[in-house]
2 protein chains.
Amino acid sequence: MSIANIKDVARHANVSPGTVSNALSGKRPVSPKTQQRILDSISTLGYHPDTLAQSLVNGHSRTLGVVTNHLDDYGTSRVLTGIDQQAAQNGYSILLTMVHRNNQITNNQMLTQLISHRVAGIIWAVPELWNTDEVNLAQYGDRLPPTVFVLMNPNTGLSVVNYNIVDGTTQAMQHLIRQGRKRIAHIAGPATWDSQQRTLIWHNILSEAGLPCDESYVAVSDWSVPGGEKAMHDLLNQHPDLDAVLACNDHNAIGALKVLRAANRNVPSEVSIVGYDNVPESGYVSPALTTISLPFAELGRTAVRQLCQLIDSTAQPQPQPNILLPVELVMRESA
Amino acid sequence: MSIANIKDVARHANVSPGTVSNALSGKRPVSPKTQQRILDSISTLGYHPDTLAQSLVNGHSRTLGVVTNHLDDYGTSRVLTGIDQQAAQNGYSILLTMVHRNNQITNNQMLTQLISHRVAGIIWAVPELWNTDEVNLAQYGDRLPPTVFVLMNPNTGLSVVNYNIVDGTTQAMQHLIRQGRKRIAHIAGPATWDSQQRTLIWHNILSEAGLPCDESYVAVSDWSVPGGEKAMHDLLNQHPDLDAVLACNDHNAIGALKVLRAANRNVPSEVSIVGYDNVPESGYVSPALTTISLPFAELGRTAVRQLCQLIDSTAQPQPQPNILLPVELVMRESA
DNA sequence: TTGTAGGCGTTATCAC
DNA sequence: GTGATAACGCCTACAA
């Protein structure tokens, strides 16, 4: 009395199970009359082929394993949306696994779960873990399905899809300098690989331009609005005469905005601010944030396309080139 | 040369496949020595049991199908986070399917996909489809696995987990009236079931209090900041003397805030505003929004718990009671 | 305590 | 064009 299977359909349509299979897959011809009879039986019986059994015999699952963070941040949920979009288009289902704040489940447990589900490939999109080393894949050797990393540090020999880190900060800095800003402070993010890169670029560009770039112009923050407030406060104490701020993300920029408003510094006439991420609210704070727009959803789509290519390529896995998508400086009011 | 299976392990450990199975499941005793030998073989061979094959023979998949929207809104991604959290805790994996803007895939295709994957249950969390009718489940009859709806209209005989719609709006209105507000306008959302409910409550409470509540005090908006701006603009034209606004969500409230600032109306001294949702940015706009906090993540967790209960109950599916979680009025600056 | 055989639902191979 | 049969990897009676 349970759910109908291919044998039930075969019996109902007076054919063999193999013929039902062929009628559905079209891999071998079936006479139009039989075809119709089978289709009728399928709909009256409400038959849905069992993907699990199909995967078992075919040896592949048309399922992609995705590991993301808790989705508290705008970026990762956009990435996930992009992943789902492209996966659906390529005929893959998605098995989702999230890394939560109180991280009880280890990376290995997640990977084991995905491997046990025989996913065709894995997308790893956990920006909190910038270092791909931390994921600890070595032990799996070549038993690991093809894997693509999103929003993680490139140049590790693994397949990474990311945005162009250098380009974003460079554009922002050039914009500020072009505007004649001389004392450009930097609110840096936590000590991750990309934060360090961006601080380095900030430093190098100022140094080349002969502008001040010592450590007193840098305040380290977390990624939050209050963090930005505190950092801005400190910077203003150190350098009351600063005329621009490069923030590590929009939330920090918004925090800075609040502090500057409280200190009666006009943005952008007295102080320019550039954010990072282009979260939706950056467009409707006042003044609206000039910021770097990151292609989150496209990152997800690209990762899926790249992964499908890896899956389809029968060749031995070889060092994959990193894919870096372009960013865009979105000009609004704050700079 | 491919991935190791249970026979490989058995051969390597000099036991039968059945013993390996028992060693892993613990369903029947295995001698400590054999146990150890098997565990060693498993780790040297890198064996991971095939969940698909297990599901095939067990007849259940320990996988939950989840249907969400595109995650563009804060609420749904929090719900998804809650779902994943609780699912992991209950030992379920998640098969994710998203409804995108350019919705090419029909509800039926999604359901078919999930059914084919033999998910143990389904969580349907697509606020855009308030009417559970639109999902069109009738055709599946009792072949549909247990299903729980999140953020959808209750009282349909289906199992629905939602927040208490009446309570939120009631609290907000009482708060405004208690403050002595007399002309309380309403920015309503698109014509969905919950929008209508909330407008109704707004009307009834004002009516009971003997305060103006005719249609000229209502402006219909979409869920966006610009929508809120336009609505506020219209309301201000109609009633320059209004002293409070009940917005359908925080984004509309933020839009209203911008317009009021431009019109030189002080918030909250001249005009009070209450939002809805408690999105993160509502805490750091200026003035910070007083708003209704909805238990999004808890909604997701509750849905999973409810679903697991449905799955485990061998009883015939019977009309499920709706579960309504409490909301909270978050007092900040705007009211 | 351990081994053996049958079957879960499907597809591929071989025969007709 | 169609039907029987043997896998896929695993679990579970039943037998030893």
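Quick note on labels: first sequence line is chain A, next is B, and so on, each numbered from 1. Being a predicted model, the structure only gives us computed values, none of them experimental.
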**Message:** Please tell me whether A/Asp84 and B/His100 have a donor and an acceptor in their side chains that are separated by less than 3.5 angstrom.
**Reply:** yes
**Prompt:** Given side chains that start at C-beta, do those of A/Leu294 and A/Tyr74 come closer than 4.5 Å, heavy atoms only?
**Reply:** no
**Asked** Any side-chain donor paired with an acceptor under 3.5 Å for B/Thr76 and B/Asp73?
**Response** yes
**Request:** Could you tell me whether the side chain of B/His70 and the main chain of B/Asp72 form a donor-acceptor pair under 3.5 Å?
**Result:** yes
**Request:** Please determine if B/Arg37 and B/Asp40 form a salt bridge, counting it only when a charged side-chain N lies under 4.0 Å from a carboxylate O.
**Result:** no
**Asked** Taking only side-chain nitrogens and oxygens of B/Ser21, does any of them come within less than 4.0 Å of OP1 or OP2 of D/dC11?
**Response** yes
**Prompt:** A/Asn58 near the nucleic acid: base, sugar-phosphate alone, or nothing, with a heavy-atom cut-off under 4.0 Å?
**Reply:** sugar-phosphate
**Of residues 24-39 of chain B, the positions that come close to DNA chain C - non-hydrogen atoms, cut-off under 4.0 Å** = B/Arg28, B/Pro29, B/Val30, B/Ser31, B/Thr34
**Asked** Can B/Arg78 and B/Glu298 be counted as an ion pair, charged N to O under 4.0 angstrom?
**Response** no
**A/Ser41-A/Thr44 side chain donor-acceptor pair, cut-off 3.5 Å** = no
**Any donor-acceptor N or O pair under 3.5 Å, side chains B/His117, B/Ser61** = no
**Asked** What nucleic acid atoms does A/Asn14 come within less than 4.0 Å of, heavy atoms only: base, sugar-phosphate, or nothing?
**Response** sugar-phosphate
**Item:** Helical bend (five base pairs per end, nearest 10°) for the helix from C/dT1-D/dA16 to C/dC16-D/dG1
**Value:** 40°
**Prompt:** Which of these, B/Val160, B/Asn107, B/Thr97, sits in a side-chain contact (heavy atoms from CB on, under 4.5 Å) with B/Trp124?
**Reply:** B/Asn107
**Criterion side chain to side chain donor-acceptor pair (under 3.5 Å) on B/Gln86 and B/Asn90, from CA distance to verdict** = CA-CA 6 Å; B/Gln86 189 68 48; B/Asn90 291 18; 3.1 Å; yes
**Message:** Rounded to whole Å, please give me the gap between CG in A/Leu52 and C1' in C/dT11.
**Reply:** 15 Å
Considering only nitrogen or oxygen atoms on both sides, find all protein atoms under 3.5 Å from nucleotides 5-9 of chain C and state each distance.
{"unit_1": "C/dG9", "atom_1": "OP2", "unit_2": "A/Asn5", "atom_2": "ND2", "d": "3.4"}

**Prompt:** Does the side chain of B/Thr192 pick up a donor-acceptor pair with the side chain of B/Asp194 at under 3.5 Å?
**Reply:** yes
**Message:** If you compare every side-chain N and O of B/Ser16 against the phosphate oxygens of C/dT4 (OP1, OP2), does one of them come in below 4.0 Å?
**Reply:** no
